[in-house]
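Everything quoted here is computed from the prediction, not taken from an experiment. In the text below, chain A, chain B and the rest are named by the order of the sequence lines, each starting its count at 1.
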Amino acid sequence: MSKIIQVKDRLSDLVIEWYRSHGREGLPWRKNITPYKIWISEIMLQQTQVKTVIPYYLRFIKTYPTFNSLILASEDQIIALWSGLGFYRRAKNIYNAKEQIKNSFNKKFPDNFDDLMSLPGIGESTAGAIMSIAYNKSYPILDANVKRVLGRYSNVTKESASKKNKVLWEISRKETPVNNVFDYTQGVMDLGSTICKPKDPLCAQCPIASICDSAFTIIADSSKKEKIKKDKSQVNINFTLAHTDNEYLLFKRNEKTFWEGLWLPSEQPKIHKIFKKKSCGEVHINRKHKLTHLDLNMSITLLRYNNSFDINSNSEYRWVKKIDINNVGMPAPIKKIILEI
DNA sequence: AATACGTGGTA
DNA sequence: TTACCAAGTAT
């Protein structure tokens, strides 16, 4: 007599099977995969939605299709391709990682976890994503999608944030299969994105509902509500934008705070006085712009000139032609203002 | 451990 | 309008 043993379905098996018939199609970084392209896509996708990333990814890969083609790129060129995407440190990290690969890894993009982790901008989740997606090696990831899927699956929503993270990493490690990691990793992210959504998850269509501790009983996560709301700090910036009919005078921002390395109108009052003497037209505008952690109150003085001119300045500056605007790294609100002139 | 770091979409 | 949040990492 043989006993029939009821084996509980494995999460990874269900996810892999579901992914093969229901995974998202048409994501550009899933075509003609190379480790380099997975790297670029994973960096762009950090804290950034797929829909937002797609045009930036396509433009970046069109400009630099291979790692080799990126070798000679300057930091400015890479930041320019990031213009408008946000979290610009990521672009600097790509430049610095590229330099490290060039100088320490013999120009060969790493194929192991430890070398990937040594690169700036690559943490455990991104390294895991590159290992599993580009190399089909069994490494776990823990992005927002996986956090949500596994958090509901194992019902660990009530833990404190740091403990929850630790627990979820353990679960992710445990559930990540040895084989077919590529399909599992993509699948669990697609599941989080299309079925196990933050709001109104579609449990009725979910392939893991039968083994999910929270299926059909998703309760809003209350752990965040008790946070004390601090007023966001207000930051005032006075810009002066000197411009002709078709050129703009921009300065590279060196502050170690926001928008580091991007090109902006002048923030130096001393220069503003000199500017005004020669100007043949002056307009003031005010704009508010919200960053994650602070509110920017921008005051911009537009000074019109007939011709561009040289200035005495310690900081790096350049006159940018209107048609070259897309080749310069600028924050979204600054580019918007310039395009309105 | 908590915070800095962008932007656009959604309710 | 305000508030939250999305393929996280570095400090």
**Asked** Do any side-chain nitrogens or oxygens of A:T126 fall under 4.0 Å of OP1 or OP2 in C:dT9?
**Response** yes

**Message:** Check for me, please, whether A:W18 and A:V181 land in the same ILVMFWY cluster - side-chain distances under 4.5 Å, paths through other members count.
**Reply:** no

**Asked** Just how far, in rounded Å, is P of B:dA1 from NZ of A:K164?
**Response** 15 Å

**Prompt:** For the pair made of NZ in A:K37 and C1' in C:dA7, what is the distance, rounded to whole Å?
**Reply:** 18 Å

**Request:** Decide whether a cation-pi geometry holds between A:R253 and A:F258; the criteria are a distance under 6.0 Å from NZ or CZ to the six-membered ring centre and an angle within 45° of the ring axis.
**Result:** yes

**Message:** What is the separation between atom CE on A:M117 and atom C1' on C:dA10, rounded to the nearest whole Å?
**Reply:** 11 Å

**Item:** Trace of the side chain to side chain contact (heavy atoms under 4.5 Å, CB included) decision for A:F105 with A:L119
**Value:** CA-CA 11 Å; A:F105 296 156; A:L119 296 171; 3.9 Å; yes

**Asked** If the sugar-phosphate is the primed atoms plus P, OP1 and OP2 and the base is the rest, what is the B/S/- string for nucleotides 4-11 of chain B, using protein heavy atoms under 4.0 Å?
**Response** BBBBS---

**Prompt:** Taking for each residue the nucleotide of DNA chain C with the nearest heavy atom, is it A:P120 or A:S193 whose nucleotide lies nearer the 5' end?
**Reply:** A:S193

**A:L142 CG to C:dA7 C1', straight-line distance once rounded to whole Å** = 11 Å

**Prompt:** How would you label the contact of A:I38 with the nucleic acid (heavy atoms, under 4.0 Å): base, sugar-phosphate, or nothing?
**Reply:** nothing

**Request:** To the nearest Å, give me how far apart OH (A:Y139) and P (C:dG8) are.
**Result:** 21 Å

**Item:** Distance in angstrom units between A:L119 CG and C:dT9 P, rounded
**Value:** 13 Å

Only distances under 3.5 Å count here; give the side-chain donor-acceptor pairs of residues 281-289 of chain A to other protein atoms, sequence neighbours excluded, each with its distance to 0.1 Å.
residue: A:E282; atom: OE2; partner: A:H284; partner atom: NE2; Å: 3.1
residue: A:H284; atom: ND1; partner: A:T301; partner atom: OG1; Å: 3.1
residue: A:R287; atom: NH1; partner: A:E340; partner atom: OE1; Å: 3.4
residue: A:R287; atom: NH2; partner: A:E340; partner atom: OE1; Å: 2.9
residue: A:K288; atom: NZ; partner: A:N297; partner atom: OD1; Å: 3.1

**Message:** At 4.0 Å (heavy atoms only), tell me whether A:A129 reaches a base, stays on the sugar-phosphate, or touches nothing.
**Reply:** nothing

**Message:** For residues A:F87 and A:I122: do they belong to one hydrophobic cluster (side chain heavy atoms under 4.5 Å, members Ile, Leu, Val, Met, Phe, Trp, Tyr)?
**Reply:** no

**Prompt:** Taking atom P in both B:dG6 and C:dT2, what distance in whole Å separates the two?
**Reply:** 22 Å

**Asked** Tell me: CD1 of A:I94 to P of C:dA7, nearest whole Å?
**Response** 19 Å

Under 3.5 Å, which donor-acceptor pairs link side chains of residues 302-309 of chain A to any protein atom two or more places apart or in another chain?
residue: A:R304; atom: NH1; partner: A:D245; partner atom: OD1; Å: 2.6
residue: A:Y305; atom: OH; partner: A:F275; partner atom: O; Å: 2.5

**Message:** For the P atoms, the ones on C:dA7 and on B:dT3, what distance do you get once it is rounded to whole angstrom?
**Reply:** 23 Å

**Message:** So A:R24, base contact, sugar-phosphate only, or nothing? Heavy-atom distance under 4.0 Å.
**Reply:** base

**Asked** Which whole-number value in Å describes the distance from A:N165 CG to B:dA2 C1'?
**Response** 13 Å

**Request:** May I ask you to say what A:W82 touches in the nucleic acid, namely base, sugar-phosphate or nothing, with a heavy-atom cut-off under 4.0 Å?
**Result:** nothing

**Message:** Using a 3.5 Å distance criterion without hydrogens, assess whether the side chain of A:W29 forms a donor-acceptor pair with backbone atoms of A:I33.
**Reply:** no

